[in-house]
Amino acid sequence: MKLELRGITKRFGSLVANDHIDLVVRPGEIHALLGENGAGKSTLMNVLYGLYQADEGDILLDDAVQHFRGPGDAMAAGIGMVHQHFMLIPVFTVAENVMLGHEDTRALGALDLPKARQHVRDVAQRFGFEVDPDAMVGDLPVGVQQRVEIIKALSRDAKVLVFDEPTAVLTPQETDELMAIMRQLRDEGTSIVFITHKLREVREVADRITVIRLGKVVGEASPTASNAELASLMVGRAVELTVHKDPPQTRPGGLTVKNLRVVTASGTVVVDDVTFDVRPGEVLAVAGVQGNGQTELVEAIVGLAEKVTGSISLDGTELVGRSVRGILDEGVGFVPEDRKEDGLVGAFSVAENLILDRSSDAEFVRGGTIRRGVLEDFAAARITEYDIRTQSAATPAGTLSGGNQQKVVIAREMSRELKLLVAAQPTRGVDVGSIEFIHKRIIETRDAGIPVIVVSTELDEVAALADRIVVMYRGGIVGIVPGDTPRDVLGLLMAGEKPEEEAA
């Protein structure tokens, strides 16, 4: 089925999320929609799927204009969507999830579950899936849950299939399997829209590439285009994608974590007997599929976790049991994974956000009053040094772009004397140009002799920054490996498996 979008425009108040976008997806092709988070990709697909109504423009299937009032209309027309955040009910079985909203019934209105189970088996066999129709979805690994999403879409006889950032929660092996599934669907005539911001994946699987920047189509590219060419289209300027770093020069000291255990209020163990160290002058990356204890590990280090046992020692000073304020005062810099919730006060100015964790310092406050002149000079210097794109230091931080908000957080944490930097998902949701800048700053911090912990689900980022890598799985450490460890080995570890040579 041929999909065509003509002049699609979608506004949210004064924000133009999609600005007269044209897109053609041919029958039996994988068409990648490439752009940074916030570029308008998902908004465009939500218009296609009937979740949003376009303010202007038309959707055509096989040259016929469509009018979708909701997802039901889109699905009836042959459009399926595999969402970045799975639309599955954990306490339902695979078969129940697949039939939800399209229930077949037997006599007296009873659900025809045997028919749903057989349908799941038929689709699974067609693609070589290992999916049990009676398995509870909440018990399945994320890679299998994604297959359930695909079965759901195909059970509606989808002719156009949209994959919205489908690899965000997958291991490298699961990603490779997904790519193979996408190729098989394409070869059977399905039209596929693949939304992503990952250059390696788009070059690997796409037949054609359309690049969106700030809500507009800025160009088309071939999969043979280089990463640098694609990145420059996404950002609008040349970007240096390679992280340049010398071998680490470590020394004694730094952070030592021993037998760390974190338990939630409900009694669930989320970090289980974790032991590692990170030395001054090295970057230790913590890798793993999201949800395997990385977040809770970081919270324990910076004092945000409540039930913590074991030891976290920084240059001989025990941090377990200390307050967040006490840990920050000890010289710990913290870049949280959710900058909007935990890293910034959106209504405060850029300048005020730059001293959030220093508001009691005599340098900035005297007699309970902020020294405005000192703050303005400090903010102006940081804005220049960290290339923060803002109208002024008085601009509310919440109005900045994601990349510039992240630069405010990075500038604040790196502008004081540090004994340790903890950066959780430091480049999540920022453009390629900001990634280049943030990576450079992290390496500069490492080269200044400061131990750095980077927690990231992006393996390209882990490979670029890490001197050593800790891989977490279900709250524990399954391996500590060199920074140049191959992706396939990391993928096995992320799935809880040890490589053959290590397991032997």
Side-chain angles (χ1 to χ4, degrees), residues 253-280 282-286 288 290-345 348 352-361 364-365 406 408-426 428 442 445-446 450-457 470 472 475-477:
L255 186 79
T256 300
V257 177
K258 286 185 179 178
N259 308 121
L260 186 69
R261 197 168 189 262
V262 180
V263 182
T264 66
S266 63
T268 304
V269 178
V270 287
V271 176
D272 191 7
D273 196 26
V274 163
T275 296
F276 66 88
D277 58 40
V278 53
R279 297 301 175 209
E282 76 167 343
V283 173
L284 181 78
V286 180
Q290 190 77 33
N292 278 276
Q294 307 97 307
T295 297
E296 293 82 3
L297 171 64
V298 167
E299 288 175 347
I301 293 172
V302 299
L304 289 168
E306 292 184 6
K307 296 184 178 180
V308 179
T309 57
S311 172
I312 304 172
S313 174
L314 180 60
D315 289 339
T317 299
E318 182 59 53
L319 301 184
V320 171
R322 301 190 68 166
S323 67
V324 176
R325 174 80 270 162
I327 290 172
L328 295 179
D329 287 346
E330 196 59 39
V332 176
F334 176 43
V335 179
E337 64 181 57
D338 188 337
R339 58 180 166 270
K340 289 187 178 180
E341 288 295 320
D342 304 316
L344 295 166
V345 179
F348 283 16
E352 290 164 340
N353 273 280
L354 283 168
I355 62 162
L356 276 184
D357 51 6
R358 303 174 69 179
S359 56
S360 59
D361 285 9
F364 299 107
V365 179
Q406 192 74 346
V408 172
V409 177
I410 295 283
R412 179 183 66 229
E413 299 306 309
M414 293 186 178
S415 295
R416 57 193 181 90
E417 281 205 27
L418 295 180
K419 295 180 184 176
L420 171 71
L421 175 65
V422 181
Q425 314 297 345
R428 174 175 285 169
I442 288 173
T445 302
R446 166 249 211 195
I450 297 166
V452 179
I453 297 176
V454 172
V455 179
S456 180
T457 56
V470 165
M472 292 191 70
I477 291 178

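Residue Leu255 holds its CG atom at 5.0 Å from CD1 of Ile453, rounded to the nearest 0.5 Å. Distance check: Leu284 CG to Asp277 CG gives 8.0 Å after rounding to the nearest 0.5 Å. Put simply, CG on Leu421 and CD on Glu413 are 8.0 Å apart, with the number rounded to the nearest 0.5 Å. Residue Ile327 holds its CD1 atom at 11.0 Å from OG1 of Thr317, rounded to the nearest 0.5 Å. With values rounded to the nearest 0.5 angstrom, Leu344 atom CG is found 8.0 Å from Arg339 atom CZ. To the nearest 0.5 Å, atoms CD1 (Ile477) and CG (Asn292) are separated by 12.5 Å.
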- request: Would you please test Val298 and Phe334 for side-chain contact (heavy atoms from CB on, under 4.5 Å) and show each step?
  value: CA-CA 9 Å; Val298 167; Phe334 176 43; 3.3 Å; yes

- prompt: Hey, mind stepping through Met414 and Ile442 against side-chain contact (heavy atoms from CB on, under 4.5 Å) and telling me if it holds?
  reply: CA-CA 9 Å; Met414 293 186 178; Ile442 288 173; 4.1 Å; yes

- request: Just do the side-chain contact (heavy atoms from CB on, under 4.5 Å) check on Leu297 and Met472 with the steps written out, would you?
  value: CA-CA 10 Å; Leu297 171 64; Met472 292 191 70; 3.8 Å; yes

field: Check against side-chain contact (heavy atoms from CB on, under 4.5 Å), Thr264 and Lys307
entry: CA-CA 7 Å; Thr264 66; Lys307 296 184 178 180; over 6 Å; no

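The closest side-chain heavy-atom distance from Glu337 to Asp342 is not below 4.5 Å.
For Phe348, the CZ atom sits in a loose shell: 12 or fewer heavy atoms of surrounding residues, nucleotides or ligands are nearer than 6.0 Å. Summarising the local packing, CZ of Arg358 is surrounded by more than 12 heavy atoms from other residues, nucleotides or ligands at distances under 6.0 Å. Around the CD atom of Glu318, the shell of radius 6.0 Å holds more than 12 heavy atoms that belong to other residues, nucleotides or ligands.
A donor-acceptor pair is defined here as one N or O able to donate and one able to accept, closer than 3.5 Å; such a pair exists between the side chain of Thr275 and the backbone of Asn259. At distances below 3.5 Å, at least one donor-acceptor pair connects side-chain atoms of Arg412 with backbone N or O atoms of Asn353. The backbone N or O of Gly288 sits less than 3.5 Å from a side-chain atom of Gln294, completing a donor-acceptor pair. A donor-acceptor contact shorter than 3.5 Å is absent between the side chain of Glu417 and the backbone of Gly331. Without hydrogens or angle criteria, Glu282 side chain to Arg279 main chain gives a donor-acceptor distance under 3.5 Å.
Nearest heavy atom pair, residue Asp357 against residue Arg325, reads O-NH2, 2.8 Å. Nearest heavy-atom pair, Val408 versus Leu354, reported as atom, atom and distance to 0.1 Å: O-CD2, 3.6 Å. In this structure, Ala305 and Val262 approach most closely via the heavy-atom pair CB-CG1, 4.0 Å. Taking all atoms of both residues into account, the shortest heavy-atom contact from Ile312 to Ala300 is CD1-O, 3.6 Å. The shortest non-hydrogen separation linking Val409 to Gly343 is CG2-O, 3.8 Å. Between Val332 and Leu328, the shortest heavy-atom contact is O-CD2, 3.2 Å.
Side-chain contact annotation: Ser311 with Ser313, donor-acceptor N/O pair under 3.5 Å absent.
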